[in-house]
Every structure is written in C-alpha cells, then in structure tokens.
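Comments concern the structure below.
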Amino acid sequence: QDHLKMAVRAVMRELKAKSPMVDFSVFLGGGDGSKKRKKNDYTNVGKMGKIDDSKNDFAISLEQCITTNFDRIISRQLDGDWHRLSFKVKQLVKDLGKLRQLFHHLIHYDSIDFLNFLQGIKAMNAVSMEPSLWIGEYSGENVFRIAKERVYRVSQKGKLITVLEENMKESLLQQVLTEIENRHEKKLRDSEEAKDGSAVATTSNNVLLMVKDERALKSVREYLVEGGKRSMATKWLRFLERT
C-alpha cells in the first residue's frame with residue numbers, strides 16, 4: 001500500500017510538471033435555495049452558549065464547518081471549564097462532530113444515499129443512552145424534511161413526485177470527461193486534415209481517476225456506466241424495497 005501511494009505521488013508530480021492543474025468547484029446552493037437553507041440549518045442546530053473570548057477569538061463560518069475540525073476547536077475552548085458544563089452543553093459539543101460528518105456526506109453522497117445515512121442516524125439515536133439533541137430541535141427536523149424533499153415530494157393531492165437529486169460532484173465529473181473526449185476527437189480530426197487524410201498515429205485518451213475509497217469508486221462507476229438518471233432510478237427502487 002505504501003508503495004502504491006509513492007507511485008501515485010510520483011505520477012502526480014510528473015503531471016503537475018507537464019501541465020497546469022485545474023480546480024473545479026461545485027455550487028452547493030440549489031436554484032430554489034433549498035440546499036443553502038439546509039446547510040444553514042446544520043450550522044444553526046442547538047445553542048452552544050458563550051465561549052470565553054479571552055482565550056481565542058473564534059467565529060464559525062460555513063467554510064470552517066466543512067474544512068476544519070471546528071468541533072475539536074470548540075472542545076479545546078471549553079476544556080478548562082468542562083467539569084462545570086451541564087449535560088446538555090456537553091452533548092451539544094459532542095453533536096458538533098456528528099454534524100460535521102453530515103457536511104462531509106452532503107458533499108460526497110447523492111440525495112438517496114444521504115437520506116439513508118440520516119435515517120440510520122435517527123434509528124441509532126432512538127436506542128442510544130446519550131441521544132443527540134440536535135435531532136429533536138426545529139433545525140434538526142428541517143434537516144430530515146429537506147433531505148426527503150431532495151428525494152421525493154408529496155403533492156397536495158397526495159401524488160408522489162420523485163426528485164432524485166444526483167451527486168453534484170459526479171455530475172461535474174461526467175461533464176469534464178465528456179469535454180475531454182470531445183477535445184480529443186477534435187484533435188484527431190484536425191491532425192487528419194493537416195495530413196490530408198493520411199494515417200495518423202492515434203494517441204491514448206485514457207483518463208486516470210482517483211477516488212477516496214471503495215464506496216466512492218462503486219458510486220462513480222455506476223454513475224458513469226449507467227448514467228445519472230438510470231443509476232438514481234435503480235437506487236430509488238432499492239430505497240422503496242427497504243421502506
């Protein structure tokens with residue numbers, strides 16, 4: 001495994017030296033603002049009380065919630081006064097780690113996988129000796145409500161309407177791969193025209209795709225092979241079988 005990591009790093013260094021790196025960003029706020037409201041609901045879950053400003057000035061932003069271990073930072077802030085805190089405040093501090101995990105899955109999961117993850121948390125919380133407090137809060141209820149609305153909705157007439165929001169990162173990946181393929185084909189056509197239709201040595205258009213773990217690999221493979229709509233429809237049928 002260490003040898004593989006070293007080989008990957010060597011390939012990445014070579015690629016960086018030969019061509020510039022391009023960063024892609026995914027806009028997480030949906031057109032109707034539902035996803036933006038959903039993430040804000042996460043940051044508004046529970047009341048932590050006032051933190052001693054004399055130790056360190058610290059303000060939690062949405063970006064910090066996603067990119068930093070803000071739950072550990074707050075734990076360190078309260079470390080000296082931990083024995084004086086109430087059970088509720090201690091539990092809320094512990095919940096921050098779980099909420100940060102939700103941020104991670106919100107970015108990496110599609111709507112169905114994310115809803116399944118939430119339902120698993122709710123089921124475990126029901127039998128836990130120290131249940132999470134955010135689930136019973138108003139903002140916590142909004143998290144579950146909006147997560148369901150990303151998968152399906154029920155009209156006023158009682159009709160089931162499927163939404164099935166795809167994984168935004170996988171959708172962007174498919175667009176990038178399509179653009180790479182189109183550019184490669186154009187390059188071949190231009191080369192053939194430059195040589196008056198004579199035989200041209202074809203170059204490889206293989207793309208190296210690296211993912212975090214086996215779950216991500218399986219998800220990306222299903223998305224690229226079956227297509228976004230078909231893979232989501234398959235997951236929807238599995239979801240209905242379990243519920």
Side-chain angles (χ1 to χ4, degrees), residues 26 28-30 33-52 55-56 58-152 165-170 211-216 218-219 235 238-239 242-243:
V26 179
L28 296 179
S34 61
K35 295 175 191 173
K36 186 175 182 179
R37 289 197 303 270
K38 182 168 182 285
K39 293 185 296 176
N40 288 339
D41 283 338
Y42 290 155
T43 58
N44 291 331
V45 171
K47 301 293 183 180
M48 291 305 303
K50 185 177 180 180
I51 296 176
D52 187 359
K55 297 181 180 179
N56 281 306
F58 179 71
I60 299 177
S61 66
L62 183 59
E63 290 76 16
Q64 288 171 324
C65 291
I66 299 175
T67 60
T68 65
N69 294 326
F70 68 98
D71 52 315
R72 297 181 182 177
I73 295 176
I74 292 183
S75 295
R76 287 196 296 267
Q77 289 273 346
L78 299 173
D79 186 56
D81 300 317
W82 188 258
H83 64 285
R84 296 190 296 176
L85 299 177
S86 66
F87 169 79
K88 181 177 181 179
V89 174
K90 290 180 179 179
Q91 188 59 44
L92 286 173
V93 174
K94 294 178 181 179
D95 286 347
L96 288 176
K98 298 177 182 178
L99 294 175
R100 186 170 181 272
Q101 190 178 20
L102 290 185
F103 273 112
H104 173 82
H105 292 318
L106 176 63
I107 297 172
H108 293 86
Y109 285 14
D110 58 51
S111 57
I112 296 179
D113 287 341
F114 186 74
L115 180 57
N116 284 329
F117 177 74
L118 277 178
Q119 290 178 337
I121 289 180
K122 194 171 186 178
M124 290 187 294
N125 191 71
V127 297
S128 175
M129 297 295 292
E130 298 180 351
S132 297
L133 301 178
W134 68 269
I135 293 180
E137 297 285 341
Y138 174 76
S139 296
E141 293 176 357
N142 279 342
V143 169
F144 286 91
R145 176 181 60 81
I146 299 175
K148 288 181 180 179
E149 290 178 354
R150 295 179 62 211
V151 179
Y152 66 90
E165 287 189 15
E166 301 175 4
N167 184 319
M168 293 163 285
K169 294 179 68 174
E170 292 176 350
V211 296
K212 182 179 181 180
D213 49 34
E214 289 292 334
R215 193 213 67 82
K218 180 181 177 182
S219 180
K235 287 187 177 183
R238 296 172 186 166
F239 178 83
R242 290 193 299 267
T243 55

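Only this structure's heavy atoms are used, side chains among them; waters, hydrogens and symmetry mates stay out.
For N167, there are no side-chain hydrogen bond (donor to acceptor under 3.5 Å, both in side chains) partners, not counting sequence neighbours. Listed by chain and residue number, F144 satisfy the side-chain contact (heavy atoms from CB on, under 4.5 Å) test with K122 (two or more places apart in sequence, or in another chain). Here K90 pairs with W82, L85 under the side-chain contact (heavy atoms from CB on, under 4.5 Å) rule; sequence neighbours left out. Take K98 and apply the side-chain hydrogen bond (donor to acceptor under 3.5 Å, both in side chains) test, not counting sequence neighbours, and it matches S132. In this view, E141 satisfies the salt bridge (charged side-chain N to carboxylate O under 4.0 Å, His left out) rule with no residue, not counting sequence neighbours. Every residue was checked against the salt bridge (charged side-chain N to carboxylate O under 4.0 Å, His left out) condition with R238, not counting sequence neighbours, and none meets it.
Side chain of D81 to backbone of R84: no donor-acceptor contact under 3.5 angstrom is found. Under a 3.5 Å cut-off, the side chain of D113 and the backbone N or O of Y109 do not form any donor-acceptor pair. When atom types are taken as modelled, the side chain of D110 and the backbone of E165 share no donor-acceptor pair closer than 3.5 angstrom.
The distance between the ring centers of H105 and F117 falls below 6.0 angstrom.
Summarising the geometry, atom CG belonging to L92 is positioned 9.0 Å from atom CG belonging to L99; distances are rounded to the nearest 0.5 Å. We find the CG-CD distance between N142 and E149 to be 9.0 Å, quoted to the nearest 0.5 Å. Atom OG of S128 is separated from atom CD1 of I121 by 12.0 Å, given to the nearest 0.5 angstrom. Interatomic distance, CZ of R150 versus CG of L106, reported as 5.5 Å (0.5 Å rounding). Remark: N116 CG to K235 NZ distance equals 9.0 Å, nearest 0.5 Å. Rounding to the nearest 0.5 Å gives a distance of 11.0 Å between CD1 of I73 and CG of L96.
Between K94 and E130 there is a side-chain heavy-atom pair separated by less than 4.5 Å. Taking 4.5 Å as the limit, every side-chain heavy atom of K169 sits out of range of all side-chain heavy atoms of S219. Looking at heavy atoms from C-beta onward, Q119 lies out of side-chain contact with F114 at the 4.5 angstrom threshold. Residues V93 and K88 fail the side-chain proximity criterion, which asks for heavy atoms closer than 4.5 Å. Looking at heavy atoms from C-beta onward, I135 lies out of side-chain contact with V143 at the 4.5 angstrom threshold.
The number of heavy-atom neighbours closer than 6.0 Å to CZ of F87, taken from other residues, nucleotides and ligands shown, is above 12. Within a 6.0 Å radius of CZ in R215, other residues, nucleotides and ligands contribute more than 12 heavy atoms.
Between E214 and K218 no salt bridge is recorded (no basic side-chain N to carboxylate O distance below 4.0 Å).
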